[in-house]
Amino acid sequence: MALTFYNTLTNRKEEFAPVEPGTVRMYNCGPTVYMFPHIGNFRAFMLADLLRRYFEYKGLEVTQVMNITDVGHLTDDADEGEDKLEEAARKEKKDPWQIAAFYTDAFFEDIDALNIRRATHYPRATEHVEEMIETVKRLLENGHAYRSGDCVYYDVTSFPEYGKLSGNTLDRLRAGARLDVHPDKRDPHDFALWITDPNHIMKWDSPWGVGYPGWHLECSTMTQKYLGDTIDIHTGGEDNIFPHHECEIAQAEGATGKPFVNYWMHVRHLFVEGEKMSKSLGNFYTLRDLLDRGLDPMAIRYTLLASHYRQPMNFTFDAVEAAAGAVERLNEFIRNMRAKSGEGEDPRVGELIDTMKADFEREMDDDLNIAPALAHLFEFIRQVYKLDVGAADARRCAEAVREIDAVLGVLTDEGAEGGDALDAEIEALIEERQQARAERDYARADAIRDDLAARGIILKDTPEGVRWERK
RNA sequence: GGUCCUGUGGCCGAGUGGUCAGGCAGCGGAUUGCAAAUCCGUCUACCCCGGUUCGAAUCCGGGCAGGACCUCCA
């Protein structure tokens with residue numbers, strides 16, 4: 001089956017055909033660095049990571065770009081309110097650049113903790129203002145933009161396809177009009193490209209005066225700089241469909257006259273314990289909050305991964321606990337396979353591996369249908385256990401699971417036993433316990449086991465001998 | 001008001017007409033000195049009310065509940 005994605009632009013699943021065969025050019029909407037990213041943000045970042053990993057698993061070469069929005073959009077609407085970065089700066093008594101630097105670092109720490117692979121580029125909005133100004137110039141030349149008052153606005157009526165992504169066409173928008181007409185705008189749905197405001201803390205020179213760029217501008221400009229005029233995939237949260245992505249299309253296609261993005265993919269929001277995440281409900285969690293509660297980052301990763309991205313997700317602490325069990329089952333499988341010592345090879349093993357991979361890929365090819373894909377993985381594990389394979393087969397099976405984990409990114413055992421040495425005293429205790437067991441002095445043996453457990457060393461007696469792991 | 005989505009067992013979460021999802025947790029058994037790991041068996045489902053059908057979680061109608069977007073929250 002061919003790789004297929006649900007495309008927000010066409011509202012249906014479509015076979016994926018990259019512009020340049022064998023390569024993927026993907027842009028993912030990234031963080032605005034004025035606070036710690038929350039668990040919902042990570043759902044979006046996880047979709048980006050899953051796509052990237054799956055493409056690479058399939059042998060495609062991926063260029064992945066994620067923006068760092070370090071110039072604030074406004075807290076209110078297009079023309080009023082306070083810049084988010086400036087607001088955070090005021091509250092934390094820092095300047096906006098310090099805020100941006102701090103939360104950018106925090107963002108990278110968090111995605112590392114979740115084993116999210118680094119994108120190819122992380123362009124900062126503040127470092128691309130010059131290019132954004134160029135885009136505005138082109139739009140003015142093309143007749144898609146106009147100056148009014150101190151600002152430059154995009155003329156939505158100049159772009160007949162406005163609304164093709166979100167369904168919010170101009171006639172529909174006008175029908176449900178909730179906006180007061182801004183005096184400088186020709187149409188209430190025109191949006192700002194350049195806001196002249198010398199009082200803004202973060203400001204740049206431009207042909208239209210000192211000020212700052214409109215929010216939608218950075219993504220389309222940076223996308224085109226790093227990936228070209230027409231890219232394969234653009235991802236983001238569902239709330240970005242309108243107006244953000246709609247406006248990006250208007251800008252990019254208005255500037256180049258070429259299609260901007262072939263496949264738009266959007267993540268649905270997540271709920272926490274069945275309720276919308278919000279600060280007032282007290283269920284607004286950053287990754288740090290969750291880690292402080294003692295949750296395992298790989299369990300959090302698995303939880304975010306295991307539900308389909310186009311399905312609203314209910315993030316619960318019970319679910320993370322269950323995910324921890326699932327991750328442990330995978331890790332335990334690798335350890336058990338490593339410990340196998342039997343001779344002989346079973347012809348059924350190769351078949352199991354081939355079937356599992358084929359089933360996994362078939363499901364993932366279908367718009368990243370990960371739940372049944374995971375079911376096939378677990379079914380494989382059960383079948384392998386039942387065969388009681390020898391050492392050579394065990395290595396192949398473990399390898400197959402690792403290959404799948406290149407996509408999932410949840411295994412943590414890589415170093416495991418032997419990776420870090422036990423100190424001599426503990427080695428001696430394990431040896432002493434083995435001696436005690438041999439002499440049927442189980443009281444002594446259990447006392448040693450309890451003692452080691454208290455030090456974080458868990459012992460397991462297996463048919464292949466004693467094994468230990470750190471808790 | 002306009003457009004759209006969701007409602008599955010203790011918890012997550014697949015499944016779009018008829019056969020087992022899967023994970024975690026529970027219970028019983030095998031194995032083990034006892035554990036661990038593993039295997040086998042097993043319980044708890046399809047929001048409500050109608051309708052179509054030989055047969056519906058799955059299709060249709062009507063409710064109820066929750067949610068998204070309609071100018072900057074992923």
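A quick note: this is a predicted structure, and the numbers were derived from the prediction, not measured. Chain letters run A, B, ... following the sequence lines, proteins first, then strands; residues in each count from 1.
Residues H269(A) and S166(A) both approach RNA chain B. Their nearest nucleotides, taken by heavy-atom distance, put S166(A) toward the 5′ side.
Sorted by first and then second residue, the ring pair (Phe, Tyr, Trp, His ring centres under 6.0 Å) pairs with a member in residues 359-384 of chain A form an empty list; sequence neighbours excluded. Under the salt bridge (Lys or Arg N to Asp or Glu O under 4.0 Å) criterion, the residue pairs touching residues 36-50 of chain A are D49(A)-R53(A), D49(A)-R301(A), with sequence neighbours excluded.
Summarising the base pairing, C39(B) is matched to G29(B) through a Watson-Crick or G-U wobble pair whose two defining distances lie under 3.5 Å. Nucleotide C59(B) has G51(B) as its partner under the Watson-Crick or G-U criteria, with both atom distances under 3.5 Å. Base pairing of G22(B): its partner is C12(B), meeting the Watson-Crick or G-U wobble criterion (both donor-acceptor distances under 3.5 Å). Pairing for C69(B) is with G2(B), a Watson-Crick or G-U wobble pair whose two hydrogen-bonding atom distances lie under 3.5 Å.
Rounded to whole Å, atom P of A74(B) lies 14 Å from atom CG of D110(A). The distance between atom CG of D446(A) and atom P of A36(B), rounded to the nearest whole Å, is 12 Å. Between the CZ atom of R335(A) and the P atom of A37(B) there is a distance of 10 Å, given to the nearest Å. Rounded to whole angstrom, the span from the CZ atom of R362(A) across to the C1' atom of A14(B) amounts to 13 Å. The separation between H38(A) atom NE2 and C73(B) atom P is 10 Å, rounded to whole Å. As a whole-Å value, the separation of D461(A) CG from C34(B) C1' is 9 Å. The nearest whole Å value for the distance from the CG atom in N168(A) to the C1' atom in C70(B) is 5 Å. Rounded to a whole Å, the CD atom of E238(A) is 7 Å from the P atom of C69(B).
Rounded to whole Å, the separation between the C1' atoms of U71(B) and U16(B) comes to 37 Å. Comparing the same atom, C1', in A74(B) and in G61(B) gives a spacing of 36 Å after rounding to whole Å. Atom name P, nucleotides G9(B) and C5(B): the rounded distance is 23 Å, in whole Å. Here, G66(B) and C27(B) have their P atoms 36 Å apart, quoted to the whole Å. Straight-line distance between the C1' atoms of A14(B) and G23(B): roughly 11 Å, to the nearest whole Å. Using P as the reference atom, G10(B) and C47(B) are 13 Å apart when rounded to the nearest Å. Distance check on atom P: C11(B) versus C48(B) gives 15 Å, rounded to whole Å. Separating the P atom of C24(B) from that of G18(B) is a span of 28 Å, rounded to the nearest Å.
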Where do N or O atoms of nucleotides 18-28 of chain B meet protein N or O atoms at under 3.5 Å, pair by pair?
residue	atom	partner	partner atom	Å
G23(B)	OP1	R382(A)	NH1	3.1

Check nucleotides 4-8 of chain B for protein N or O atoms closer than 3.5 Å to its own N or O atoms and list the pairs.
residue	atom	partner	partner atom	Å
C5(B)	O2'	R268(A)	NH1	2.3

- Message: side chain to side chain contact (heavy atoms under 4.5 Å, CB included) for L408(A) and Y302(A)? Distances and angles first, verdict last.
- Response: CA-CA 8 Å; L408(A) 306 178; Y302(A) 188 96; 5.6 Å; no

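The stacking criteria are not both satisfied for H308(A) over the base of A14(B), which would need a centre-to-centre distance under 5.5 angstrom and an angle between ring planes under 30 degrees.
Contacts between residues 241-252 of chain A and RNA chain B, counted as heavy-atom distances below 4.0 Å, involve F242(A), P243(A).
A heavy-atom distance below 4.5 Å is not found between the side chains of R52(A) and N28(A).
Contact annotation for F317(A): no contact, since no heavy-atom pair falls under 4.0 Å across all strands. Among the protein residues, D239(A) comes within range of the nucleic acid bases, having at least one heavy atom under 4.0 Å from a base atom. Backbone-only contact: N369(A) has heavy atoms under 4.0 Å from sugar-phosphate atoms and none from a base. The residue R433(A) sits close to a base: some heavy atom pair falls under 4.0 Å. Heavy atoms of L459(A) sit under 4.0 angstrom from at least one base atom. As judged by a 4.0 angstrom heavy-atom cut-off over every strand, Y385(A) is placed among residues touching the sugar-phosphate backbone only. Using a 4.0 Å heavy-atom criterion, one finds that M313(A) contacts the sugar-phosphate atoms exclusively. Residue L270(A) is in base contact, counting any heavy-atom pair closer than 4.0 Å across all strands shown. Within 4.0 Å of G40(A), counting heavy atoms only, lies at least one base atom of the nucleic acid.
For CD of E92(A), the number of neighbouring non-hydrogen atoms (other residues, nucleotides, ligands) closer than 6.0 Å is greater than 12. Under a cut-off of 6.0 angstrom, the local environment of CD in E328(A) is crowded, with over 12 non-hydrogen atoms contributed by other residues, nucleotides or ligands.
A close approach under 4.0 Å does occur between a side-chain nitrogen or oxygen of N314(A) and OP1 or OP2 of C12(B). For U38(B), the OP1/OP2 oxygens have no side-chain nitrogen or oxygen of K386(A) closer than 4.0 Å.
Ring geometry, F108(A) versus Y122(A): the interplanar angle exceeds 60°, so the pair is classed perpendicular (tilted spans 30 to 60°). Using cut-offs of 30° and 60° for the angle between ring planes, the Y162(A) and F191(A) rings count as parallel. Taking the six-membered ring for Trp and thresholds of 30 and 60 degrees, F107(A) and F45(A) have ring planes more than 60 degrees apart, a perpendicular arrangement.
In this structure, E379(A) pairs ionically with R382(A), as a charged nitrogen and a carboxylate oxygen lie closer than 4.0 Å.
Between H234(A) and the choices H266(A), H245(A), H244(A), the ring-ring contact (aromatic ring centres under 6.0 Å, His included) rule is met once, by H245(A).
For F42(A) and F315(A), the ring centers sit 6.0 Å or farther from each other.
Under the ring-ring contact (aromatic ring centres under 6.0 Å, His included) criterion, H38(A) pairs with F284(A), not counting sequence neighbours.
Residue T303(A) holds its OG1 atom at 8.0 Å from CD1 of I39(A), rounded to the nearest 0.5 Å.
Checked by atom type and distance alone, the side chain of N314(A) pairs as donor or acceptor with a backbone atom of G274(A) at under 3.5 Å.
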